Amino acid sequence: MELYEQLTAQGDKVRSLKTAKADKADVDAAIQLLLKLKVDYKEVTGQDYKAGCPPSGTAVSNDRQSENGAEEDTVDPWNVATNSAKGVDYDKLIVRFGSSKIDQELVDRIEKVSGQKPHRFLRRGIFFSHRDMNQVLDAYEKQKSFYLYTGRGPSSQAMHVGHLIPFVFTKWLQDVFDIPLVIQLTDDEKYLWKDLSLEDCHRFAEENAKDIIACGFDVNKTFIFSDLDYMGSSPEFYRNVVKVQKHVTFNQVKGIFGFSDSDCIGKISFPAIQAAPAFSSSFPQIFKGRKDVQCLIPCAIDQDPYFRMTRDVAPRIGYPKPALLHSTFFPALQGAQTKMSASDANSSIFLTDTPKQIKNKVNKHAFSGGKDTIEEHREQGGNPDIDVAFMYLTFFMEDDEQLEKIRQDYTSGTLLTGELKKMLIETLQPMITAHQENRKNVTDEMVKQFMTPRPLNFNF
Ligand code: TRP
């Protein structure tokens, strides 16, 4: 209760600072404290803070203490937080979630089966965890096809580079395996969770679709859909939603997602809607009524709760379990303690940023693992493991040798923070400019094509 009151007061403070158009630094500091209090609140009560709703005594506390008493990272679809500057401990997460590590053996196998050099996200452990990927590859080797499913919650018009990670990787998977892809835009989810109108959410879905299409997907192999549109037009999709709804209890979703008695019923039943695209019978126009085509879902690890639930239900309603590939989070410019937020302009590089904004943001806001003075840095070297500019380069620089050399030079002190940041700026600027060019060429007509239910160029 004490935390609840502190949080309410801090929320008021942020609002009054904003209305008073206070100094940006003061507003930022107040927001940081607010966020921290929210994390603390969730830890203590097991509930998300909601203005006007004091903590209810009934919810089970999400136990964030591991057996040896150490603090555990928070990772669920709505919160990502850790106390470590290196970011979330992903190996521990694999144990906690019960998934499997993508080890060198699996990367080698993907290379062998696909006949392509593994994507840098695989080479560098950015996609680090999986469920049943070996089974997908076994089947593929026996000429059994599969399909890809990924998605995005369209909570605003503004997408940042982190949002592209799953799509860049999905595009690669589609190219090397030559398989159908469905992309779910959960405008319904964002309406239920955020203070937005249905119209806004739907509009954001169409805007976000343009950024997704700009990643280079082939319209003959890809179906993008808004839940608000597709749910009402596809009896087969809705039937699968209802099947899932019948086989998951309120107790189960409470346990998986931490819903409480005061969450609206839309939220409580939403997970069934995110589960349905993992079943091929939800898309009869693509799979000709087949219900046994295996699904592979590339996603960030925070989406895993949805698919743990999906995998649990699948055999009970006569469907194969979807396989999964999980990625790490893209760190905020301020450091790897949390993922980026679309609502804080300085926490990320947006797809709409100009070359100048990119330069300023990296120089001003990218958390540095370097030393305070040049002399110290030359003598002791920097720490790439906590350096955000270096982390970003591991996501976007293609050349492994060049990246390794940067790591060594930074660690030894030969390479200074300013020089490292310059390399990142020079990597990001052409990348974002190219994306903007591609997006400009995406017409409303193309969006409509991608979003129209239709057969794709595959024979099932
Ligand atoms: N819930 C996801 C989000 O808020 C969107 C989503 C729906 C998704 N289906 C998915 C993400 C499948 C990854 C894979 O962003």
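Remember, it's a predicted structure, so these values are computed and weren't measured experimentally. Numbering of ligands and ligand atoms starts at 1, following listing order.
Test Tyr149, Phe237, Tyr319 against Phe279 for ring-ring contact (aromatic ring centres under 6.0 Å, His included) and you get one pass: Tyr319.
Near ligand 1, heavy-atom contacts under 4.0 Å come from Tyr149, Thr150, Gly151, Arg152, Gly153, Gln184, Thr186, Glu189, Lys190, Gln274, Ile297, Cys299, Gln303, Phe307.
Counting only residues at least two apart or in different chains, ring-ring contact (aromatic ring centres under 6.0 Å, His included) contacts with residues 79-107 comprise Tyr90-Phe128. Screening residues 440-460 for ring-ring contact (aromatic ring centres under 6.0 Å, His included) gives Phe287-Phe460 as the qualifying pairs, with residues at least two apart or on separate chains. Evaluation of the salt bridge (Lys or Arg N to Asp or Glu O under 4.0 Å) test over residues 117-135, restricted to residues two or more places apart or in two chains, returns Arg120-Glu398, Arg123-Glu398, Arg123-Asp400, Arg124-Asp400, Arg131-Asp304, Asp132-Arg311.
Counting non-hydrogen atoms of neighbouring residues, nucleotides and ligands closer than 6.0 angstrom, the CZ atom of Arg239 reaches no more than 12 such neighbours.
Taking the ring axis of Phe146 as reference, the NZ or CZ atom of Lys144 does not stay both within 45° of it and closer than 6.0 Å to the ring centre.
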